[in-house]
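Computed from a predicted model, the values in this text were never measured in an experiment.
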Amino acid sequence: MLKGITTAQSLRQDPGMDLQGIGAVSASAVAALGIPIAVIVGRWQMRGASESARAGVAQAEATYRAALDAVRAETSATYVQWRRSTQREAYVAFLLSAHQLLAAADLLTGQANLTLADESWAARKAELGPLRTALLNTQLIVTLEGSEDLVDLSVPLRDLTFKVARNYERQAEIGRAWTKLTRMCEEENLSMGASAVTPPVAPPATFLRAALGQLGRKVRQHPTDGDYRLLEDVPAEVAQAAEVVSQAFAALPAVTISSEERVRLLDMQYLELPARTSEHDRQTNALKQARKDFIKAAREDLSLPSNDPI
């Protein structure tokens, strides 16, 4: 306190020196104050740089995420397109294989006459095996690639296709066997016409055809829902006619009628023609509906317009 009074008194005593002292003191004070201000400003500058850096990182991350989302969206769209293409191919292959089997079996019924050699007939008939296998394989692919609804709808379509195709095939076999027997009868008649002696009994093929005709008439006179060949209770007239047919088959020269042809000739008498039964009509109608249901569901599954071909 005394030091302060002395200083004040000295200032009053030496005014010139007072101004210089005051300037020195002021400069020192300003310099002293400048240090913390510079520190504070520097800190704010560093904070601003840090926030700018964080903003840049955030922008980079946002750009990366946007690019990643775009790649994911593109990848997803590509996968969906590939998936639909795979399913479409599976559905088309399945429908096509079903159509090819039916067409081949139906065509066989028109070739049941003897205009085809035995080798050609056998080759045409053998084509049905690979077509059946193709239908099984394509339906399996539908099971692997298709939606649950399409898998369920493919089963009746497959099974009905097999049944209808088999009806056509059996009818073709029956028709060919009967045509063959008729041709044998014609050849026998030609031989009898060239001979001066009339045989005491009908020739073997002619006798067989007459016996088969008699058996068919007796079966129709005693209708049944089953097959008399599988029943124990058989009308006497049917049993007698069947015995005559057995004797007629035995009288034929060896290897003229194969075992399969023999079965088909008997099928013709005991049963209706496979492709002319009410059951065949029911199966055919059910097949048409199954095909429509499958195609409709396939369009919906592929998001196709109703008039756009699969």
Side-chain angles (χ1 to χ4, degrees), residues 101-132 163-223 227-230 237-277 279-280:
L101 175 58
L102 282 176
D106 189 20
L107 182 63
L108 201 62
T109 62
Q111 299 170 339
N113 53 56
L114 293 183
T115 57
L116 283 177
D118 289 343
E119 294 79 7
S120 299
W121 162 261
R124 292 288 178 87
K125 193 166 174 269
E127 292 175 358
L128 298 180
L131 291 175
R132 288 192 180 93
K163 291 178 181 179
V164 173
R166 181 55 183 153
N167 290 342
Y168 287 142
E169 182 182 11
R170 286 183 56 236
Q171 181 149 320
E173 293 168 351
I174 291 172
R176 185 171 177 85
W178 185 257
T179 300
K180 181 177 181 178
L181 178 60
T182 300
R183 181 65 59 85
M184 292 170 61
C185 292
E186 292 172 353
E187 292 174 354
E188 287 178 343
N189 290 334
L190 290 175
S191 298
M192 289 175 57
S195 176
V197 179
T198 302
V201 294
T206 303
F207 177 52
L208 174 60
R209 187 173 66 172
L212 287 169
Q214 179 67 6
L215 173 61
R217 285 189 291 274
K218 295 303 180 182
V219 169
R220 288 188 291 274
Q221 290 173 3
H222 302 275
D227 185 340
Y228 278 126
R229 289 171 293 183
L230 305 177
E237 290 184 336
V238 174
Q240 292 172 2
E243 179 61 28
V244 173
V245 169
S246 297
Q247 295 173 3
F249 273 121
L252 280 176
V255 198
T256 53
I257 294 290
S258 68
S259 58
E260 180 183 1
E261 290 168 338
R262 174 172 178 162
V263 171
R264 295 296 170 248
L265 290 172
L266 290 173
D267 286 345
M268 187 176 180
Q269 314 312 318
Y270 283 108
L271 306 169
E272 294 182 80
L273 290 175
R276 295 183 183 178
T277 64
E279 178 63 14
H280 174 75

Inset, instruction - Could you grab the distance from atom CD of E186 to atom OG1 of T182, nearest 0.5 Å is fine? - result: 6.5 Å
Legend entry - Value rounded to 0.5 Å, distance of CD in E173 from CZ in R166: 5.0 Å
Inset, instruction - Please answer whether the main-chain N or O of A242 pairs with a side-chain N or O of S246 as donor and acceptor at a distance below 3.5 Å. - result: yes
Legend entry - Ion pair check, D118 and R176, cut-off under 4.0 Å: yes
Inset, instruction - State, with a plain yes or no, whether a side-chain heavy atom of F249 is found less than 4.5 Å away from one of T256. - result: no
Legend entry - R170 versus P274, closest heavy-atom pair with distance: NH1-CG, 3.4 Å
Legend entry - Electrostatic pair D267-R229, nearest N-O below 4.0 angstrom: yes
Legend entry - E261 side chain to S258 backbone, donor-acceptor under 3.5 Å: yes
Legend entry - N167 side, atom CG; R276 side, atom CZ - distance, nearest 0.5 Å: 13.0 Å
Using distance only, find each side-chain donor-acceptor pair of residues 205-214 under 3.5 Å and give its atom names and separation, not counting sequence neighbours.
from: T206; atom 1: OG1; to: E188; atom 2: OE1; distance (Å): 2.8
from: Q214; atom 1: OE1; to: R217; atom 2: NE; distance (Å): 3.4
from: Q214; atom 1: OE1; to: R217; atom 2: NH2; distance (Å): 3.0

Legend entry - Distance (rounded to the nearest 0.5 Å) between Y228 OH and L215 CG: 10.5 Å
Legend entry - With sequence neighbours excluded, residues passing salt bridge (charged side-chain N to carboxylate O under 4.0 Å, His left out) with E237: K218
Legend entry - Y168 side, atom OH; T109 side, atom OG1 - distance, nearest 0.5 Å: 7.5 Å
Inset, instruction - Enter the distance from E260:CD to L265:CG here, rounded to the nearest 0.5 Å. - result: 10.5 Å
Inset, instruction - Give the intermediate values and the outcome of side-chain contact (heavy atoms from CB on, under 4.5 Å) for residues M184 and I257. - result: CA-CA 10 Å; M184 292 170 61; I257 294 290; 3.9 Å; yes
